[in-house]
Number of protein chains: 2
Amino acid sequence: MADLGGQSQASFKSGGLSRIQEKNRSLILEAALGEFSMKGFSGATVERIAADAGMSKSNLLYYFSSKEAIYNATLAHILEVWLAPLKTLNPDGEPAQELAAYIRQKIEMSARFPEASRLFANEVMQGAPQILPILQTDLKRLVAEKSQVIEDWIAAGKMRSVDPVHLIFTIWATTQHYADFSVQIKALTGKDLSDADFQAETETAVTTLILNGVGLSLPTEGGSAA
Amino acid sequence: MADLGGQSQASFKSGGLSRIQEKNRSLILEAALGEFSMKGFSGATVERIAADAGMSKSNLLYYFSSKEAIYNATLAHILEVWLAPLKTLNPDGEPAQELAAYIRQKIEMSARFPEASRLFANEVMQGAPQILPILQTDLKRLVAEKSQVIEDWIAAGKMRSVDPVHLIFTIWATTQHYADFSVQIKALTGKDLSDADFQAETETAVTTLILNGVGLSLPTEGGSAA
DNA sequence: TTGCATCTTGACCATTTGGTCAAATCCCTC
DNA sequence: GAGGGATTTGACCAAATGGTCAAGATGCAA
């Protein structure tokens, strides 16, 4: 995968990081995710991230050479896991099952890692200054590949003819919306994805709408009868 | 509507603003929208906004008492127009027509005012520090009202049973996604909503998917035959 | 034209903030 | 337990930035 920089400052033994480095880098990345996702790149301060990570600013800068380096590391850290679900779309599976599983995974991600979603959204909205190359190469390749899968399903008469790219965008948009706009959603409904019932309800609503939208439906799970 | 502050500094005659005030305020708000939507509240600088508006920082601060005041004014300025389309959902119309018209308007907004969309998204993602009260009152009321309209359509057997709130969220999510993530969309497809063809294609794809999703379809426009 | 309010600006200030550095402390190996 | 590298920190610095202020320029009514 096209890289973002990664390893930056502190020396390390041939194999990997020392015990202390391992722990501190992890603490920093966690704190950084919280700050960057909440305040954006400019709004977050190194001092605050350091405090959240339980160390001095100087020490943080011993592990990451600059604010931008922390930001890039954070982004790289979440990017892989964030795009992972799409990779699981299986060409040999049934469209309804596969799409439903994908949507479920994406909603699960929004529920468990809303900060990651917001960080990603923030980065892209600012013009993707750090990850544009990745979008243009790795992500583009992945989307093209999975679009072909959907095209094949359509060609095989397994689902209604839709533009695969717009379908993917729609799934991204809807699922990530529940993380990125959770404050608005909470203001309007009184709940958000941190509520298990609301998550289930959202999953049903979104899945049903999109599957119906492409002319599919999920077998009712209750009965074993066809 | 719950207010955000509005009028702040410069004196004004009984009726309204002077010619010069009118012009400068407008220039400032336009410049501010550009900066805030691109860099976020913290990332934007007063100096830069002033430069974009063609005046000195001092002069800008003559019209707006603080950076936050500019931000609030910008937000207030776009909020009304941003939420307007939902208000046009007509209880007496046909669901398919009404929803399609709403989606078309939202995509049109995303195409024409992507900065407004991003500014709004930014504000909400940061926890809606300025507009939370508005979301909790005005927007909540509006959503409740239009949800009832959809409920009524469902009760009348005019469309499939879906949760109206999730339907509204889905429409917001998909349509705004094309503005907020336009950089990503351009990286993946080579186009964005600034391309008229792509806008038309998007409108068709999204409308078709959502209408089908709720068990509706639009009469084919070409022929007069049923 | 004159007088006054409006408008505009450069100089300036206090604070915040990213980043440096040398000194101190900790941890591990031999 | 001594030596040396790894880790940690406070003091410090320079740049950026939001905001103030007094003085000057401009527009307008009488």
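What's counted below: heavy atoms across the whole structure, side chains too, no hydrogens, waters or symmetry copies. Protein chains get the first letters and strands the later ones, always in sequence-line order, with residue 1 at the start of each.
- Counting any heavy atom pair closer than 4.0 Å across all strands shown, T45(B) reaches sugar-phosphate atoms only and no base atom.
- Looking only at distances, a side-chain donor or acceptor of E98(A) sits under 3.5 Å from a matching main-chain atom of N90(A).
- No donor-acceptor contact under 3.5 angstrom links the side chains of Q199(A) and Y178(A), judged on distance only.
- The phosphate of dT9(D) has OP1 or OP2 within less than 4.0 Å of a side-chain N or O from N59(A).
- OP1 or OP2 of dT7(D) lies within a sub-4.0 Å distance of a side-chain N or O belonging to Q21(A).
- A donor-acceptor pair under 3.5 Å links the side-chain atoms of S37(B) to the main chain of G34(B), judged by distance alone.
- Across the protein-nucleic acid pair, K67(B) atom NZ and dA14(C) atom C1' stand 16 Å apart, rounded to whole Å.
- Nearer the 5' end of DNA chain D, as judged by each residue's closest nucleotide, is the contact made by I20(A), out of A44(B) and I20(A).
- Side-chain N/O atoms of Q176(B) and H177(A) include no donor and acceptor closer than 3.5 Å.
- Checking the phosphate oxygens (OP1, OP2) of dT9(D), a side-chain nitrogen or oxygen of S56(A) falls inside 4.0 Å.
- Here the C1' atom of nucleotide dT20(D) and the CZ atom of F64(B) are 19 Å apart, to the nearest Å.
- The distance between atom CZ of R25(B) and atom P of dC7(C), rounded to the nearest whole Å, is 11 Å.
- In terms of position along DNA chain D, the nucleotide closest to L60(A) lies nearer the 5' end than the nucleotide closest to the other residue of the pair L60(A) and F41(B).
- Contact annotation for A50(A): no contact, since no heavy-atom pair falls under 4.0 Å across all strands.
- Nucleotide dT8(D) holds its P atom 7 Å from the NZ atom of K23(A), rounded to whole Å.
- Neither OP1 nor OP2 of dG27(D) sits under 4.0 Å from any side-chain N or O of R19(B).
- DNA chain C is contacted by both S42(A) and G54(B); G54(B) maps to the nucleotide lying nearer its 5′ end (nearest heavy atom per residue).
- No donor-acceptor pair closer than 3.5 Å links the side chain of T207(B) to the backbone N or O of T204(B).
- Note: NZ (K57(B)) to C1' (dC21(D)) measures 13 Å, nearest angstrom.
- Note on R48(A): nothing from the nucleic acid sits closer than 4.0 angstrom, heavy atoms only.
- T174(B) contributes a side-chain N or O that, together with a main-chain N or O of T170(B), makes up a donor-acceptor pair within less than 3.5 Å.
- Within the 4.0 Å cut-off from OP1 or OP2 of dT8(C), at least one side-chain nitrogen or oxygen of N24(B) is found.
- For S58(B) against dG10(C), a side-chain-to-base donor-acceptor contact under 3.5 Å is present.
- The interatomic distance linking L61(B) (CG) with dC21(D) (C1') rounds to 12 Å, in whole Å.
- As a whole-Å value, the separation of E47(B) CD from dT16(C) P is 20 Å.
- Dashed line: the shortest gap from a side-chain N or O of Y62(A) to OP1 or OP2 of dT7(D) is under 4.0 Å.
- Going from atom CE of M55(A) over to atom C1' of dT25(C) covers 16 Å, rounded to whole Å.
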